[in-house]
Amino acid sequence: MQLNCVRYTAESVHLDRSYKILICEQKKHYRQRAHANPFSDHALAYPASPDSFDWSVHYPAFADSGKTPAFADIGCGFGGLLIALAPLFPDTLMLGLEIRVQVTQYVHDRITALRATADTSTPAPYQNVSVIRANAMKFLPNFFPKASLTALFFLFPDPHFKARKHKARIISPTLLAEYAYVLAPGGLVYTITDVEDLAQWMRAHLEAHPLFQFVEEQELRKEGKGPILDAVYGATEEGKKVERNAGEKWLACFRRIEVKRINVTPKCSTV
């Protein structure tokens, strides 16, 4: 699917005296259901393999760098995490994957507006962030090569409360195998939700997988991941809504570990 033309231009974005962006984020023009069925046959365009995808369209400022995305926000919503992290890691390419048409369009337009009003530093702000409409439950390996990501984010995913809908949850044994494939050893999975049952589900499945190891929040903060954790807690629209309603959030982070393979030499039988 091709996204619509840019709706914001440099002239339509208002700046204050300190040249800070004051974009009027009118989500009412991007009406969309809260969730989408990941098993539906959505009209999606996806590459046959990661090597065939042209990332320069999404990151023109990095066209000759050979870089590919290192951070992936699965179900990025309105892009709050991406916008918060982009200036903190200007040399790291970040990608949001969102299945809903209008929400994807909103994030696309938002990034375009931020790029249009950015300063002239190198690399310019927000050149390292982009979004695509994609179904991560079906096509994640089509976009990302093996061990290419250093961070995967699952922030306030659809809880799918009914037991018969649990198969649609974004964390499952089958999908964890794909996440382990695209994550580099040492890479991190960040999960957060305001639904306790879903928090227990995600943690139990990640703990049961041999390639993921639970990491305490304090340990990650000691490693310098504090800014990322702060954004995970409070940068998304969902996270802010939970705070307004004085709700509780459950965070769980896991590191992609490398397991040594044991080569077993078969014994030759004699007749």
Legend entry - Single-linkage hydrophobic cluster L175~L211, side-chain heavy atoms < 4.5 angstrom: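 Different hydrophobic clusters.
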Legend entry - Verify same cluster id: F214, W201 (apolar side-chain graph, 4.5 Å):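 Same hydrophobic cluster.
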Where [X] and [Y] come nearest, the two heavy atoms and their spacing:
| X | Y | value |
| --- | --- | --- |
| T150 | L183 | C-CD2, 3.9 Å |
| E178 | P141 | OE1-CD, 3.6 Å |
| D197 | R169 | OD2-NH2, 3.0 Å |
| H205 | S172 | CD2-CA, 4.3 Å |
| L88 | P227 | CD1-CB, 3.9 Å |
| H108 | V131 | N-CG1, 3.7 Å |

Set of side-chain contact (heavy atoms from CB on, under 4.5 Å) partners for [X], sequence neighbours left out:
| X | value |
| --- | --- |
| D54 | S56, V57 |
| E223 | E219, L220, K225, R255 |
| P50 | P145 |

Going from [atom1] on [X] to [atom2] on [Y], what distance comes out if it is rounded to the nearest 0.5 angstrom?
| X | Y | atom1 | atom2 | result |
| --- | --- | --- | --- | --- |
| E216 | L251 | CD | CG | 10.0 Å |
| I171 | H166 | CD1 | NE2 | 14.0 Å |
| F254 | L206 | CZ | CG | 4.5 Å |
| L155 | E237 | CG | CD | 13.0 Å |
| H58 | N128 | NE2 | CG | 14.0 Å |
| L114 | Q127 | CG | CD | 10.5 Å |

Inset, instruction - Could you check if a side-chain atom of M202 sits within less than 4.5 angstrom of a side-chain atom of T193, using non-hydrogen atoms only? - result: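 Side-chain contact under 4.5 Å: yes.
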Legend entry - Flag side-chain contact, heavy atom, 4.5 Å: W55 against L93: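 Sidechains of L93 and W55: no contact.
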Legend entry - Derivation and outcome, side-chain contact (heavy atoms from CB on, under 4.5 Å), residues R256 and V189: CA-CA 8 Å; R256 165 70 161 89; V189 171; over 6 Å; no
Inset, instruction - Evaluate whether atom CZ of F139 has more than 12 neighbouring non-hydrogen atoms of other residues, nucleotides or ligands under 6.0 angstrom away. - result: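 Check passes, neighbour count above 12.
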Please set out all donor-acceptor pairs under 3.5 angstrom arising from side-chain atoms of residues 61-87, sequence neighbours excluded.
from	atom 1	to	atom 2	distance (Å)
S65	OG	F62	O	2.7
S65	OG	K67	N	3.1
K67	NZ	D91	O	2.6

Inset, instruction - Could you tell me whether the side chains of Y233 and E217 share a donor-acceptor contact shorter than 3.5 Å? - result: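 Judged by distance alone, the side chains do pair up.
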Inset, instruction - Tell me, please, which residues at least two apart from N142 pass side-chain hydrogen bond (donor to acceptor under 3.5 Å, both in side chains). - result: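 Counting only residues at least two positions away or on another chain, N142 forms no side-chain hydrogen bond (donor to acceptor under 3.5 Å, both in side chains).
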Legend entry - Worked check of side-chain contact (heavy atoms from CB on, under 4.5 Å) between L140 and L97: CA-CA 9 Å; L140 198 69; L97 292 91; 4.1 Å; yes
Inset, instruction - Check step by step if side-chain contact (heavy atoms from CB on, under 4.5 Å) holds for L229 and C253. - result: CA-CA 10 Å; L229 292 168; C253 303; 4.0 Å; yes
Could you tell me whether the side chain of [X] and the main chain of [Y] form a donor-acceptor pair under 3.5 Å?
| X | Y | answer |
| --- | --- | --- |
| Y126 | T112 | no |
| T191 | F154 | no |
| W250 | L198 | no |

Legend entry - From Y59, F144, F143, Y46, residue fulfilling ring-ring contact (aromatic ring centres under 6.0 Å, His included) relative to F53: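 Filter result, single survivor: F143.
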Legend entry - I170/D158 under side-chain contact (heavy atoms from CB on, under 4.5 Å): CA gap, chis, key distance, verdict: CA-CA 8 Å; I170 197 66; D158 188 342; over 6 Å; no
Can you list, pair by pair, the side-chain donor-acceptor contacts under 3.5 Å of residues 238-246, counting residues two or more places apart and other chains?
from	atom 1	to	atom 2	distance (Å)
E243	OE2	K249	NZ	2.8
N245	ND2	K241	O	3.3

